[in-house]
Amino acid sequence: MTVTLADVAARAQVSPATVSRVLNGNYPVAASTRERVLRAVDELDYVLNGPASSLAAATSDLVGILVNDIADPFFGIMASAIQSEIGGPGGRAGGERLAVVCNTGGSPERELTYLTLLQRQRAAAVVLTGGAVEDEPHAAAVASKLRKLADAGTRVVLCGRPPASDTGAIALTFDNRGGGRELTEHLIGLGHRRLGYIAGPEERTTTRHRLEGHRAALEAHGIEEDERWTVHGRYDRQSGYEATLELLRRDPSLTAVVAANDSVALGACAALRDSGLRIPDDVSVAGFDDLPFSIDAVPSLTTVRLPLAEAGARAGRIAMGREEPPPGGIATIRGELMVRGSSGGPRAS
């Protein structure tokens, strides 16, 4: 038999209106009464009718987390940290939020579809993770969706994504340019002058910002970049493997390979080994993000550590209104250079 609101009220010995106030969280209720209602909810296994209650409330108990690829640790770490911050106390039905991870697969169309669905569900919060697509019509469409969400009372947070002006979204953005520059300057400081670069997809903001940082370091040290030294590909191991073979074909004299992220760097390392080259004796390799496997690579990977879990947790707290947004609605999060065994001085010519 279906448990009703009246059943919960009878078990807790309160009025149905009091049960509704506890579950919606929109009216002050004495702590002892709240505890009694929540205990009755647990004992009866009462399920709140989300769509119906959201018609009366400004927002529902749904929180959307948009990721490019949940199988990629970069997004998985952030999504897990976000979700850890959105639940209520004690795992009770009256305090919990339902997290829905929306995997876009890198599709701009899917991103817009998920934002539309979350808007229809009157989501309490939406967190978008990772870089944005650099396409003006798509950016305008996303901005329009974010404005509508914010206007309807949904908290919108961008985590690891550039700010979206005039949308009401809070942005926790990574300093990809600064990290990219510091990484390349480390290699230049070791004596490298011929550096190959494996960039991510050309349409992604993360790709452009990290590549701009790399090129800024080259320019600052008077190194003229050869157009043969940059190859674009996906953010995965196979792309790193194929791109490294292409770089070696274009210029076998390269002494270092800088990868768009750590997964790409692992592919680069495999390609170098299969080509009979030693790391870092013959060619140094560097990645970006400091994903969990990076320190266990052989040799361990020089990279830029982004505080993915910390940024995700902060985004979750802001989304739930448990932490104040940064001044101006934007915070820039810097990475940390992690120097490990995959980088060394160039081989003697």
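The basis for the numbers below is simple: all heavy atoms, side chains too, and nothing from hydrogens, waters or symmetry mates. Just so you know, these numbers come straight off a predicted model, no measurement behind them.
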Q: Are S294 and D289 packed together at the side-chain level, in the sense that at least one heavy-atom pair is separated by less than 4.5 angstrom?
A: no

Q: Going by side-chain contact (heavy atoms from CB on, under 4.5 Å), name the residues that satisfy it together with N176, two or more places apart in sequence or in a different chain.
A: F174, T206, H209, R210, F288, L306

Q: Quick one: list whatever passes side chain to side chain donor-acceptor pair (under 3.5 Å) with T205, sequence neighbours left out.
A: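 Listed in chain order: nothing, the list is empty.
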
Q: Kindly state each residue pair satisfying salt bridge (Lys or Arg N to Asp or Glu O under 4.0 Å) with at least one member in residues 186-196, sequence neighbours excluded.
A: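 Passing the test, one end in residues 186-196: R194-D251.
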
Q: Given a cutoff of under 4.5 Å between side-chain heavy atoms of I, L, V, M, F, W and Y, with clusters grown through shared members, what are the other residues clustered with I330?
A: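 Other cluster members: none.
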
Q: Does A297 have any side-chain contact (heavy atoms from CB on, under 4.5 Å) partners at least two apart in sequence or in another chain, and if so, which?
A: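 Expected list: L266.
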
Q: Is there a side-chain contact between L66 and V126 (heavy atoms, below 4.5 Å)?
A: yes

Q: Ignoring hydrogens and angles, write down the donor-acceptor pairs under 3.5 Å from the side chains of residues 10-19, residues two or more places apart or on other chains.
A:
{"unit_1": "R11", "atom_1": "NH1", "unit_2": "E43", "atom_2": "OE1", "d": "2.8"}
{"unit_1": "S15", "atom_1": "OG", "unit_2": "T18", "atom_2": "N", "d": "3.2"}
{"unit_1": "S15", "atom_1": "OG", "unit_2": "T18", "atom_2": "OG1", "d": "3.0"}

Q: Are R215 and E219 close enough for a salt bridge, meaning some N to O gap below 4.0 Å?
A: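 The answer is no: the pair does not qualify as a salt bridge.
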
Q: For T302 and H186, does a side-chain donor sit closer than 3.5 Å to a side-chain acceptor?
A: no

Q: Sequence neighbours excluded and cut-off under 3.5 Å, please list the side-chain donor-acceptor pairs for residues 268-277, or say none.
A:
{"unit_1": "R273", "atom_1": "NH1", "unit_2": "V298", "atom_2": "O", "d": "3.4"}
{"unit_1": "D274", "atom_1": "OD2", "unit_2": "Y241", "atom_2": "OH", "d": "2.7"}
{"unit_1": "S275", "atom_1": "OG", "unit_2": "A271", "atom_2": "O", "d": "2.8"}

Q: Would you call E323-R155 a salt bridge at under 4.0 Å N-O?
A: no

Q: Got E310 and I333 here, is their nearest side-chain heavy-atom distance under 4.5 Å?
A: no

Q: Can you sort out the partners of R322 under side-chain contact (heavy atoms from CB on, under 4.5 Å), two or more places apart, ordered by chain and number?
A: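 Per chain and number, R322 pairs via side-chain contact (heavy atoms from CB on, under 4.5 Å) with E85, R317, M320.
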
Q: Check side chain to side chain donor-acceptor pair (under 3.5 Å) between D290 and all other residues, then give those that pass, not counting sequence neighbours.
A: R340

Q: Sorted by first residue and then second, give each salt bridge (Lys or Arg N to Asp or Glu O under 4.0 Å) pair with at least one member in residues 130-142; sequence neighbours left out.
A: E134-R208

Q: Once side chain to side chain donor-acceptor pair (under 3.5 Å) is applied, do any residues pair with T129, and if so which ones, sequence neighbours excluded?
A: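 T129 satisfies side chain to side chain donor-acceptor pair (under 3.5 Å) with no residue once adjacent residues are dropped.
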
Q: Who are the side-chain contact (heavy atoms from CB on, under 4.5 Å) partners of T184, not counting sequence neighbours?
A: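 Here the qualifying residues are I188, L195, H214, A217, L218, V258.
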
Q: Indicate yes or no: at least one non-hydrogen side-chain atom of L146 is less than 4.5 angstrom from one of L115.
A: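 Yes, at least one pair of side-chain atoms sits under 4.5 Å.
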
